Amino acid sequence: MREAYDRVDLTTEHMRDLAHQMILIRRFEEKCAELYSAEKIRGFLHLYIGEEANAVGVMQALKPDDNIVATYREHGHALARGLPATEVMAEMYGKASGSSRGRGGSMHICSAAHRFYGGFAIVGGGLPLAVGLALADKMRGNDRVTCCFFGEGAAAEGEFHESLNLAALWKLPVLFVCENNGYAMGTALERSESETDICRHAQSYQIPAAAVDGMDVLAVEEAARDATEKIRASEGPFFLENRTYRFRAHSMFDAELYRAKEEVAEWEKRGPLVQFKRWTIENDFLSDDDYAMIEQDVAVIVNDAVAFAEDAPWEAEEDLLKDVTTPAAAVL
Amino acid sequence: MREAYDRVDLTTEHMRDLAHQMILIRRFEEKCAELYSAEKIRGFLHLYIGEEANAVGVMQALKPDDNIVATYREHGHALARGLPATEVMAEMYGKASGSSRGRGGSMHICSAAHRFYGGFAIVGGGLPLAVGLALADKMRGNDRVTCCFFGEGAAAEGEFHESLNLAALWKLPVLFVCENNGYAMGTALERSESETDICRHAQSYQIPAAAVDGMDVLAVEEAARDATEKIRASEGPFFLENRTYRFRAHSMFDAELYRAKEEVAEWEKRGPLVQFKRWTIENDFLSDDDYAMIEQDVAVIVNDAVAFAEDAPWEAEEDLLKDVTTPAAAVL
Amino acid sequence: MRRITYRDAIREALREAMQKDERVFLMGEDVGRYGGAYACSKGLLDEFGEERIRDTPLSESGFTGAGIGAALGGMRPIVEVMTVNFSLLCLDQIVNNAATLRHMSGGQFSVPVVIRMATGAGRQLAAQHSHSLENWYAHVPGLRVVAPATIADARGMLWSALEDPDPVIMFEHATLYNEEGDIAAEGPWAVDIDRAAVRREGKDATIITYGGSLPKALAAAQTLGEEGVSCEVIDLRTLRPLDTERILSSVANTHRAVIVDEGWRTGSLAGEISAQIMEGAFFELDAPVARVCTAETPIPYARHLEAAALPSVDAIIAAVRRTLRR
Amino acid sequence: MRRITYRDAIREALREAMQKDERVFLMGEDVGRYGGAYACSKGLLDEFGEERIRDTPLSESGFTGAGIGAALGGMRPIVEVMTVNFSLLCLDQIVNNAATLRHMSGGQFSVPVVIRMATGAGRQLAAQHSHSLENWYAHVPGLRVVAPATIADARGMLWSALEDPDPVIMFEHATLYNEEGDIAAEGPWAVDIDRAAVRREGKDATIITYGGSLPKALAAAQTLGEEGVSCEVIDLRTLRPLDTERILSSVANTHRAVIVDEGWRTGSLAGEISAQIMEGAFFELDAPVARVCTAETPIPYARHLEAAALPSVDAIIAAVRRTLRR
Ligand SMILES: Cc1ncc(C[n+]2csc(CCOP(=O)(O)OP(=O)(O)O)c2C)c(N)n1
Ligand SMILES: Cc1ncc(C[n+]2csc(CCOP(=O)(O)OP(=O)(O)O)c2C)c(N)n1
Ligand SMILES: [Mg+2]
Ligand SMILES: [Mg+2]
């Protein structure tokens, strides 16, 4: 991490808040992994462990009224956005109290109240939607940013190309956040892109772009604040490439044949939590006791989430066909 | 046109040949337009008039063994590649003697003998095929270039993005020729691309690119020779952007509401035929008599083509289901 | 009454929608300056401006997805995909996003987008420009699929589709745009898109069809009528959800049915309807339900081959006669 | 005999094909270093190298089109699209190019490509990862569509598909990969992909199915058999072209049919088959043909809801009983 960070509110409160959020995501997902083995959670489970600084850092720059579009690796984004851990966990259980009433599962966490549009599991498929949300805001004169998260693997998809061009052509308020963790499942970036500098792709659409250390939450916050400020001013898109790393397997089915343990170990040394903890302690923002406290608070939240999910009811089977179409009553 | 052209064979023979080809395409298509009004030709008819220098110039650099993939605006490419005008015209008539036995029509001229894979009517849809043809050649060790023609409008399609990345990533021998005539139907380039410098897009995949005056057949030939030489040497793709213009409507249904007559008139002054004629006469390669002769020869070819098409038989209705699948006999 | 074309009717419907609701806008390739590939939006750019008559790049997946996103964002977009053939490039957005969002979100989001596309063959446009993939879309839960076959439906269905809170796919058969017909001088135009329409009453056999095949079905019914065979002609109008009730009640009266569908026979919507009759009216049938569909081949360019591939009035007449064993 | 899984069978088939014909290569996302999303190609990279076990970027349209182009260029590519859900991104290449090229060129070109994809639900992967779109593909002239449902077919069909000079789509149901079964120690493995297979003989009713629903159909037939109801179970094996003859001859014996298909009911392949029975065996039927399909909803994540949405053994048993009025 660096000496100084402009435009980041360097207070104990804020540091504690960031630490709390990153640790909450980490512990929440460690618990999810356990629950997967215990077969409480099924389907696909994509862990964000190692990448927490990105969701947490970017969210600092977003307002409650902004829109968010994420991927199937979105637990961290959902929690950082403020979705209750209880509802997120209940969704993973497939319970009726889940954020999507159990219909979505881990890959489709959604919350209209948080303008968190989800949870999209087709790689690249969320980008056109984000462009459309921003188009609606621009046409309606809403001062709102749509933040779209996706991985570097998505950059090879045609929908990436079409979406960036539209956003730039129409000067739409979209913050594209490419979480470049080096791999798309087992495919390393250099095996999927002829040009591995993702920012250069963004620039080829006339979109301003910046790369940031995705293992440094303060650097990410800073970059995101810059980006959203430019977007709100210029009404054009901005592209952030967050250089990060996935510590765990792609999903629970991944044997990780494609990378060396050493490589993972190297990155773990630069993990977002360890780095931030060291930095906040060295710079006297937080103490070991503070961290102990945070861990306690987080443990309570995670346990409550599990308890809530365990006790939550199942959706009635008769309601299978509910939510396929919109009841006339609900028409706006 | 310029003073000098390197690497173009500046002989009277070659100049006559180029003039003959461009004039053949022009007169052939003028006849097609007539025949469309006479309802001999139906469906869509996309004229290449004004763009002849591109197909003719590029073909000079291709060997008989190279592959060609074109669009629905491909009469010029087919004729420049050497397909008999008779078979091309018969195809437009929908006759059994047509290059595709009347099944393809104007948009799907094909010839296995000329490695002319056609005639593709989905914008951008030919690019992945071209990449695949080049991949096959690379894997089989064939020293062959696959030349893929498409319009600037195709550059916004996802298939453009995916194809350029694959060609560059796998270093495939593909010559991408973007015929930038300024419009995709009625949509001007600046209304469809945030970055109007198409070469810059190509470069963002690490593909070397060059823009050339598509109204100057010698400049196009020169650029194409450079490009194919680089491809054959480096085994990587090359991207040519040919700046050209469509003199006629997009298709026979186009009212041309989107551009001014003056704009068309301006470009017509720089037409590939008039320019080349002036240049070849001023530089004493050809005389007015030579051109009169060429027009005569071309008139004969076009008339023969029409006569051939008129007399050609219709495919028998019982053969409707032929050519849907490959008869076991034909298995290679 | 006044006489207008199907194309005029679509244009009037677009204008009306734009005037009625400022959240409505039209986006697609060449809808603006070009006036629309089929001239449906000619003149609208001048009236409503670039923002609301929005020309897009050639990016079917991108702009269709953007339309879906704009609907999520509170607009009422009308996305024009020039033809169903090109919609093969945006199926991910339509099927994986538009059709699933309401469900995946546990009912939190709706996607009130209308996606219009020309469909069908008959204009010698050959294998890549002549698909009829209506059954693909009719197969997908979460979508509504409509196919205006008459001038009145072309005039009225768009607004009904816009009032649907969920995604609606609207198929306009390319051969219908130049069809002329009489229509009331003034509205209301709204159409009940939950119900099929009986276009001709009859008692001997039921001909079930939609879209571009309706004129053929009516012509066949006319000829048969002159021979004393009385056919009821049902225009499905909405392909999803199907008005099964209407289909079954007609078959219960006629005891014979012929389905006319321009889709390729195998896997066609006609197959689905035949199966529904099997399930709901088997004991009413005096003869097996027959299908008149497109031959199992990509559509050829040559006029005579294309005609041979598509459902024809003669083929419909022959099919009805067969079911009547005449 | 030896015991292997469906996954092993696919892997053996891939190896054999690569060894037999040097024009054969496998391309797709994560087929190499990762070993395949379903581990079907695990180990093949070491044996055949990067060129022939080719990892691709996330570019479904690009690499599927490249596979089609490579087939045109004389290779015999096996394209792996991880799942049918993602094939929505490459339908343009499959339908507009692979399926039409032979026809559009007047018979000059063939496209000997095999495109494999996992299909189906049952693993709680929710709305965007659980499609069964077999009927979409079965609808398209120019394609052959196969669905190995047994270990032996998984072992043998790939080579038969590669021998087809035209494009073949191969659907592997995701729930089958871990199925174990006995298989001959040695070949020949080739399967007759023109014919459906009778997996169980019977005389009271015919159950027609394919792919991931075959185990359910057999389980239902087993239970019914114990109750004295003898069911014939037909595994379609090839979804296009359909072995209509086999279907009709079985129904002619049993006079009753139930079709089991994991596709959504409306517009399903089951509907097509019911229509074909209507057309070809109407007068043989003692009861209307019944369909057991997936409910009309995107697939929910929750296990109990997903189970409720999909065809079940109980539902098949109930349907057979209904057709037998027991
Ligand atoms: C269109 C599509 N193709 C393939 C997949 C299967 N898949 C799921 S995640 C993934 C890798 C995506 O990598 P990246 O975009 O870098 O995101 P990351 O998983 O690394 O966060 C793949 C191939 C998919 N979900 N969607
Ligand atoms: C995928 C797709 N979308 C739309 C069309 C309709 N269309 C045919 S040509 C064309 C314009 C293409 O422009 P460009 O690529 O510049 O080629 P040009 O016609 O100018 O030669 C359009 C929109 C199509 N054929 N395919
Ligand atoms: Mg990644
Ligand atoms: Mg153009």
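Naming: A, B, ... by sequence-line order, numbering from 1 per chain. This structure is a prediction, so every number in the text was calculated from the model and none was measured.
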With a 4.0 Å cut-off, would you call B:D254 and B:R259 a salt bridge? no
Report, by ascending residue number, the residues of residues 180-191 of chain B in heavy-atom contact with chain A at a distance under 4.5 Å; give 'none' if the set is empty. B:E190, B:R191
Are the ring centres of B:H77 and B:Y48 closer than 6.0 Å? yes
Residue B:S163 versus chain A: region with a heavy atom under 4.5 Å: neither
In terms of side-chain heavy atoms, does A:E263 have a donor or acceptor partner in A:Y245 at a distance below 3.5 Å? yes
Centroid separation B:H46 to B:Y72 less than 6.0 Å: yes
Contacting region of B:A202 [heavy-atom separation from chain A under 4.5 Å]: neither
Among residues 126-137 of chain B, which residues come closer than 4.5 Å to chain A, judged by heavy atom distances? none
State plainly whether the residues B:E229 and B:R225 are in salt-bridge range, i.e. N to O under 4.0 Å. no
Does a side-chain heavy-atom distance below 4.5 Å link A:Y117 with A:T146? no
Ionic contact status for A:R73 with A:E179, cut-off 4.0 Å: no
Is there a side-chain contact between B:N54 and B:F149 in this structure, where contact means two heavy atoms from C-beta onward sitting under 4.5 Å apart? no
